[in-house]
Amino acid sequence: MQGSTTRAIQAIRGMHDILPERVILWQTLEDRARAVLESYGYREIRTPLVEVTDLFKRSIGEVTDIVEKEMYSFADRSGDHLSLRPEGTASCVRAAIEHGLLSTPQRLWYRGPMFRHERPQKGRYRQFHQIGVEVFGLAGPDIDQEVVLLTRRLWESLGLGSLRLEINSLGESDERAAYRRELVSYLEGNPERLDEDSRRRLRTNPLRVLDSKHPDLQAVIAGAPHITDYLGRESRAHFDRFRAGLDAAGVGYAVNPRLVRGLDYYNRTVFEWITDDLGAQGTVCAGGRYDTLVAQLGGRPTPAVGFAMGLERLVSLVEAEAPPPDQGVDAYLIAVGDGPQAQVLVVAETLRNTLPGLRLICHCGGGSFKSQFKKADRSGARYALVLGEDELARGVIGVKPLRGEGEQSEVAPDELGTFFATRA
Ligand code: HAM
């Protein structure tokens, strides 16, 4: 149709492209995280993005926000009920059981996209990314301490200073049941102070009421009984030893008795790293112990602990607090004249062979010296490398600094390495 324009298709709401300028931040974060994880002996595991829906129902819990209203679930062409993974723990447990990894302790980590149909806002997306850790087969508070120390080391390596740690213990299921009864009777004593969502939660998942951000509820939440007063002897000892371990390692923390987490599988230790610099979505890393999940999913009883960090939130923090320098290309190679243009890609290959770390753009598309040089300048490269008829005949390359670093010169290709090194 004349005059009509074709409407461009856009990305799905809450799912974002990461453009090259920002990828540098992601790579910095991912590289540092991997280095820290490897230095503690954690090994990477990769699992599918799609799992049977039941896996998440049976692990995260039927009456959690994630399972009730946030999963991307669908029937595939065979009629199987599948979901895009909303988190990584369930898949990791499934894989560990399926491949018989649980006969010895395992320290695993993973990274990748997760999907939750939440209301998008700053720091909360429908496709977001996590790096997570799951440890299987270790029951003591020492491993809880280790995963916290590992995260502290990562914040240090990223130059992040604004994160604070909150911890709590959710005890064991009988202790939680006793606490739940007390909490319900306390909340039922204040019905007029509850909103509709909390009244519903009171019947389905009362601990989640404590997590409500509703301003009218804050007073009633502040007066609620503390779960830490309902811990049995062993849970209390575990928590005390965890805290003593953090003290010994000089990790500052606050006990937050209202920290309950939004997934049902936790017991005993839970923790969150929080920043006040990102607005409402300030939790950048969260996790805890989940000693009953492996058995619940059909494996032999195996204690477990883990956490996951939200990379979008961490990237925003790194950007605000300690952005890495943009590492542009080193050189942009241009060729003027028919002979050099016919040879330039071969010359570029030779340069890459002799200088393996070199970041080199080879101009493509021809054009005058002036137009090529302009592109070299715009590329952000430190040097323009010029191959003309004369240079080609003499076996040299013209080197012209683009960022005001010294004079133009001529260098033999095999001396370029030394040339760059002496000017680094
Ligand atoms: P989670 O608290 O649901 O725990 O998520 C962990 C982190 O992922 C959050 O603290 C946040 O940084 C990030 N995150 C969660 N949802 C979003 C979202 N919609 N947009 C952006 N970032 C988000 C878990 O996922 C557990 N699997 C953690 C764990 C591992 N526990 C034991 N092992």
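Order of listing sets the numbers, starting from 1, for every ligand and every atom in it. Here, residue 1 is the first one in the sequence, and each next residue gets the next number.
- Heavy atoms from both the backbone and the side chain of Arg124 come within less than 4.0 Å of ligand 1.
- Proximity to Thr89 (heavy-atom distance under 4.0 Å) selects the following atoms of ligand 1: 26 (C), 27 (N), 29 (C), 30 (C), 31 (N), 32 (C), 33 (N).
- Only the side chain of Tyr290 comes within contact range of ligand 1, with a heavy atom under 4.0 Å; no backbone atom does.
- Neither the backbone nor the side chain of Phe115 has any atom closer than 4.0 Å to an atom of ligand 1 (non-hydrogen atoms only).
- Contact atoms of ligand 1 toward Ala286: 2 (O), 10 (O), 28 (C), 29 (C) (distance under 4.0 Å to a heavy atom of the residue).
- Where the criterion is an N or O separation shorter than 3.5 Å, residue side chain and backbone included, Gly310 meets it with respect to ligand 1.
- Between Arg22 and Asp17, none of the side-chain N atoms (NZ, or NE/NH1/NH2) sits under 4.0 Å from a carboxylate O, so this pair counts as no salt bridge.
- In the vicinity of Glu134, heavy-atom distances shorter than 4.0 Å reach the ligand 1 atoms 30 (C), 32 (C), 33 (N).
- Ion pairing between Asp377 and Lys374 fails under the 4.0 Å rule for side-chain N and carboxylate O.
- The two residues Ala322 and Leu158 make their nearest non-hydrogen contact at CB-O, 3.5 Å.
- The number of heavy-atom neighbours closer than 6.0 Å to CD of Glu44, taken from other residues, nucleotides and ligands shown, is above 12.
- No part of Glu312 comes within 4.0 Å of ligand 1, judged by heavy-atom distances.
- Under the 30°/60° scheme for interplanar angles, the aromatic rings of His363 and Tyr332 are found to be tilted.
- Close contacts between ligand 1 and Gly123 involve ligand atoms 20 (N), 21 (C), 22 (N) [criterion: under 4.0 Å to a heavy atom].
- In this structure, Asp65 pairs ionically with Lys69, as a charged nitrogen and a carboxylate oxygen lie closer than 4.0 Å.
- Nearest-heavy-atom check against atom 29 (C) of ligand 1 across Phe128, Tyr110, Tyr125, Tyr266 picks out Tyr266.
- Ranking protein heavy atoms by distance to atom 26 (C) of ligand 1, first place goes to Tyr265 OH, 3.3 Å.
- The Gly287 neighbourhood of ligand 1 comprises atoms 31 (N), with distances under 4.0 Å to a heavy atom of that residue.
- Between Tyr253 and Phe271, a ring centre-to-centre spacing not shorter than 6.0 Å is recorded.
- Counting all heavy atoms, side chain and backbone alike, Pro303 lies closest to Arg289 at CB-NH1, 3.8 Å.
- Closest protein heavy atom to atom 8 (O) of ligand 1: Gln130 NE2, 3.1 Å.
- The part of Arg261 lying near ligand 1 is the side chain, judged by heavy-atom distances below 4.0 Å.
- When heavy-atom distances to ligand 1 are checked against a 4.0 Å cut-off, Glu272 has no atom that comes that close, whether in backbone or side chain.
- Within the listing of ligand 1, atoms 6 (C), 7 (C), 28 (C), 29 (C), 30 (C) sit less than 4.0 angstrom from a heavy atom of Ala308.
- Heavy-atom proximity to Val284, at under 4.0 Å, picks out these atoms of ligand 1: 12 (O).
- Counting heavy atoms from C-beta outward, Leu385 and Val399 have side chains that approach closer than 4.5 Å.
- In Leu263, the part holding a heavy atom less than 4.0 Å from any atom of ligand 1 is the side chain.
- Remark: minimum distance from atom 19 (N) of ligand 1 to any protein heavy atom is reached at Glu118 OE2, 2.6 Å.
- Both the backbone and the side chain of Thr283 come within 4.0 Å of ligand 1, counting heavy atoms alone.
- For the pair Gly14 and ligand 1, no heavy-atom separation below 4.0 Å is found.
- Each of the atoms 25 (O), 26 (C), 27 (N) of ligand 1 lies under 4.0 Å from some heavy atom of Glu87.
- The closest side-chain donor-acceptor pair between Ser59 and Gln296, if any, does not fall under 3.5 angstrom.
- Using cut-offs of 30° and 60° for the angle between ring planes, the Tyr290 and Phe136 rings count as perpendicular.
- Considering backbone and side-chain N/O atoms, Arg116 comes within less than 3.5 Å of an N/O atom of ligand 1.
- Side-chain atoms of Asp264 and Asn205, non-hydrogen and from C-beta on, do get closer than 4.5 Å to each other.
- If you check the side chains of Asp195 and Ser198, you find a donor sitting under 3.5 Å from an acceptor.
- Arg241 places no side-chain N or O within donor-acceptor distance of the main-chain N or O of Pro141, the cut-off being under 3.5 Å.
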